Protein chains: 2
Amino acid sequence: MRARGGLAPEGYDKYAFEPFAVTVDLAVLTVRAGELEVLLVERGQEPYAGRWALPGGFVLPKESAETAARRVLAVETGIPDLSRLHLEQLRTYSEPDRDPRMRVVSVAFAALLPDPPEPHGGGDAAQARWLPYGSVGPLAFDHERILADAHERVGAKLEYTCLATSFCPPEFTLGELQRVYETVWGAVLDRPNFRRKVLATPGFVEPVPGAARLTGGRGKPAALYRAGGATALQPPLLRPPSEGRPS
Amino acid sequence: MRARGGLAPEGYDKYAFEPFAVTVDLAVLTVRAGELEVLLVERGQEPYAGRWALPGGFVLPKESAETAARRVLAVETGIPDLSRLHLEQLRTYSEPDRDPRMRVVSVAFAALLPDPPEPHGGGDAAQARWLPYGSVGPLAFDHERILADAHERVGAKLEYTCLATSFCPPEFTLGELQRVYETVWGAVLDRPNFRRKVLATPGFVEPVPGAARLTGGRGKPAALYRAGGATALQPPLLRPPSEGRPS
DNA sequence: CTTTTTATAGTCGTACTGACTATTACTCGT
DNA sequence: ACGAGTAATAGTCAGTACGACTATAAAAAG
């Protein structure tokens, strides 16, 4: 193979390479009412027309993958405020046959968005919606795999980082924070122990003085907290051991 | 922008995208004589001719990035046996100006190779050599950043996985295993405590019955171990806290 | 045969965690 | 108004893991 015309500038003439399309795909997660939800778009055209898929699109010539990810998400879901979006590169999926039409290399991102805003379809997306993580049917392309990888990555990161606050509104109760862990991990945690751990980690959360909120109207009002300055948890807050994951 | 002629098959006509070159870059690490070393190649042509760089090359049309990584490494370093190579995707570097000639998106890998074999230049590499990690001068492109990211990733993975055995020959002593940790982390560990931790983790290592080896000819002969079946370490083996890394 | 070197065995106190129990401050139903 | 229910908060207790350390064993070097 030789490089195609116009694509091999000075210095690359002796190289044989094929130009690929480079895209981004986003697995955007959120927690609403104790349920883990994923932001999906309905494909408007073949292949997989009518199927749900992760939001995604081509990287433009002057963009990095990160920049493209934010743009694509804004276009396909119409969500106006992405300032609280937590974006993190997951990995790149490059199997030659992952798109039946042509060679597409996709840089995938795991993303978190608190307080899930209503999305609208846009761009190539017929519609965009939050769907419960457990009930996503078969997705287009290899998006199911990407989504599962993102879920695993986020679950692991909750263990040793302060990422969980990215799922929460600016001010939150410890109960809400705990529900983030429980929802992502699919496990139940002991409340007093969770409290102790979070409060004992310097910089994880800081109290909002004098503020309290009733969670759902019942029970004792809970104190409010903000995210602290720390990013790492040491020692980590481990998931309860389950039979599903290998030790 | 419209897709260039011939690059937008049926179904992509309405999309505007630019074809990119997709490459792989490898940060291959090893431990020799208590020193961390990196496999580098000398660039044979502009830009950065004569500069050291990470081994890398284009992904071919029918390859995944993982496949390309192994092929490229074999071609550029001439190392015959890559069966013990541990390969792991690091992340993808896609800043628009990372290659001065054209748009190149690079999937970077962190890799480990035990018992460092002698490399020979090949392909586009004028020569290939192991160089001490600490003494790598300015590298080509953004390869210094990639190398630093790989080092950080490997260091972190030593904490909670059994990856360290990938730095070791098939049979090794606990002292050799400890030196892997110390070399990658740049820290000194307490020997009895390290022993206790490794042996208490089921499946990390398994003893080779009756075998012993003299490490460097002095001192009491050490028992030999093989890598066990486990892949994860729980609880993790944490790096001693240093001032360099934020908590 | 003493010194040096490395491997191995074991001890002790502290920190962290899992599993609990108890108390407080609200709302809701009657 | 009052008890039941609910959620937040406070605290206890035992087991485990870990850092720091001392002691012993088995080899080579001088």
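The sequence lines fix the lettering, A, B, ..., with proteins before strands; numbering per chain opens at 1. All figures in this text were calculated on a predicted structure; none of them were measured in a lab.
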Could you list, one pair per line, each protein nitrogen or oxygen that sits under 3.5 Å from a nitrogen or oxygen of nucleotides 13-17 of chain C, together with the distance?
| from | atom 1 | to | atom 2 | distance (Å) |
| --- | --- | --- | --- | --- |
| dT17(C) | OP1 | K197(A) | NZ | 2.8 |

Taking N or O atoms only and anything under 3.5 Å, show me the protein contacts with nucleotides 27-30 of chain D, one pair per line.
| from | atom 1 | to | atom 2 | distance (Å) |
| --- | --- | --- | --- | --- |
| dA28(D) | O4' | G217(B) | O | 3.4 |

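Closest approach of Y181(A) to T161(A), counting heavy atoms only: OH-O, 4.0 Å. L177(B) and V198(B) get closest at one heavy-atom pair: CD2-CG1, 4.1 Å. Closest of all the heavy-atom pairs between P138(B) and E144(B) is CA-OE1, 3.5 Å.
Here A223(B) lies in heavy-atom contact (under 4.0 Å) with sugar-phosphate atoms only.
Atom CG in L199(B) sits about 14 Å away from atom C1' in dG10(C), given to the nearest Å. L238(B) places its CG atom 10 Å from the C1' atom of dC18(D), with the value rounded to the nearest Å. The distance from atom CZ of F194(B) to atom C1' of dA20(D) is 17 Å, rounded to the nearest whole Å. Atoms CZ (R195(B)) and C1' (dT24(D)) sit 13 Å apart, rounded to a whole Å. Distance D190(B) CG to dT6(C) P: 15 Å, rounded to the nearest Å.
A salt bridge is defined here as a Lys NZ or Arg NE, NH1 or NH2 lying under 4.0 Å from an Asp or Glu carboxylate O, and D25(A) with R98(A) meets this definition. A salt bridge links E152(A) to R239(A): one of the charged nitrogens lies within less than 4.0 Å of a carboxylate oxygen.
With L112(A) as the partner, the side-chain contact (heavy atoms from CB on, under 4.5 Å) test is satisfied by one option alone out of V154(A), T30(A), V184(A), L87(A): V154(A).
Under the 3.5 Å distance criterion, with hydrogens and angles disregarded, a donor-acceptor pair is assigned to the side chains of T92(A) and T92(B).
Within a 6.0 Å sphere centred on CZ of R129(A), heavy atoms belonging to other residues, nucleotides or ligands number 12 at most.
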